[in-house]
Amino acid sequence: YIKRHPSEKIICWADNLHLINDNSSVTAPIAKDFIPMGSYLKKELKDKAYSLGTIHSNDSLFFSKANKWYPTPVKINSFENDLKQFKKPYLFVSSNQEAMRIPKFTRLLSFVDFMPMRVDQLHDGYIFLANATIPKLQYERELLSEKSIQTEKKSLPINDKNKRNI
């Protein structure tokens with residue numbers, strides 16, 4: 001597509017893991033052997049590709065199947081903790097700065113476990129959210145799909161063509 005439409009802009013929306021530019025600083029088992037789509041894009045497009053990761057400093061994680069919150073404390077001296085210290089609801093952080101070249105603990109590859117890695121190599125920049133929340137509609141759908149709801153069926157109004165009005 002890119003070769004046929006060189007002037008077009010393309011956005012790939014995916015989990016952070018899939019858009020990593022370079023995971024050579026990752027040492028965690030399994031994750032270190034993963035070859036992300038982002039590495040192929042960066043190799044082919046070079047500076048024409050920009051990988052933007054999202055990161056948050058939530059201290060708990062909601063597990064919808066158990067309908068329960070689990071503590072996931074932010075590690076001191078982690079990338080997330082450093083950003084949290086700015087006390088801003090959100091930030092943009094460019095990876096093109098000296099401080100980003102130092103390996104930092106982060107949970108970019110896990111919801112819970114912090115692992116050391118070079119965050120400047122993973123993405124070109126980050127959007128930091130001090131507190132990420134569950135989209136309300138998604139949360140409600142997950143709860144409804146997991147519960148066996150026994151309710152009386154209520155009739156929907158019927159128009160004169162015997163079709164339901166919704």
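Owing to the predicted nature of the structure, the values given are computational and were not obtained by experimental measurement. One-based numbering along the sequence shown.
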Inter-residue atom distance [X].[atom1] - [Y].[atom2], 0.5 Å rounding:
X	Y	atom1	atom2	value
His56	Thr133	NE2	OG1	11.0 Å
Arg107	Asn16	CZ	CG	12.5 Å
Asp82	Asn77	CG	CG	7.0 Å
Lys32	Leu109	NZ	CG	13.5 Å
Gln121	Met100	CD	CE	11.0 Å
Leu83	Ser57	CG	OG	8.0 Å

Taking all non-hydrogen atoms of both residues into account, name the closest pair between [X] and [Y] and its distance.
X	Y	answer
Ser110	Asp113	OG-N, 2.9 Å
Tyr90	Leu129	CB-CD2, 4.1 Å
Leu122	Asp22	CD2-O, 3.7 Å
Lys42	Ala49	NZ-O, 2.8 Å
Lys88	Ala130	O-CB, 3.4 Å
Pro71	Pro73	C-CD, 3.6 Å

Exercise for review: Take Asn58 and Asn131 through the test side-chain contact (heavy atoms from CB on, under 4.5 Å) and record every step on the way to the result.
Suggested key: CA-CA 5 Å; Asn58 289 23; Asn131 186 35; 3.2 Å; yes
ILVMFWY cluster, [X] and [Y] together (side-chain gap under 4.5 Å):
X	Y	answer
Met117	Leu17	yes
Phe86	Val93	yes
Leu108	Phe34	yes
Leu91	Val119	yes
Ile20	Ile55	yes

Please answer whether the main-chain N or O of [Y] pairs with a side-chain N or O of [X] as donor and acceptor at a distance below 3.5 Å.
X	Y	result
Lys87	Lys84	no
Lys75	Asn81	no
Asp59	Val74	no
Asn23	Pro36	no

Check your understanding: Hey, mind stepping through Ser94 and Asn96 against side-chain hydrogen bond (donor to acceptor under 3.5 Å, both in side chains) and telling me if it holds?
Key -> CA-CA 5 Å; Ser94 171; Asn96 188 18; 5.2 Å; no
Practice item. May I ask you to check whether Phe79 and Tyr126 place their ring centres under 6.0 Å from each other? Key: yes
Review point. Going through the distances and angles, do Phe114 and Glu80 end up as a side-chain contact (heavy atoms from CB on, under 4.5 Å)?
Key: CA-CA 10 Å; Phe114 285 83; Glu80 290 84 343; 3.5 Å; yes
Practice item. Please state whether the rings of Trp69 and Phe62 are parallel, tilted or perpendicular, taking 30° and 60° as the class boundaries. Key: tilted
Review point. Under a 4.5 Å cut-off applied to non-hydrogen side-chain atoms, are Ser78 and Thr106 in contact?
Key: no
Review point. Is there a side-chain contact between Ile76 and Phe105, using heavy atoms and a 4.5 Å cut-off?
Key: no
Review point. Do other residues, nucleotides or ligands put more than 12 heavy atoms under 6.0 Å from the CZ atom of Phe92?
Key: yes
Check your understanding: Counting only heavy atoms not in Tyr70, do more than 12 sit closer than 6.0 Å to its OH atom?
Key -> yes
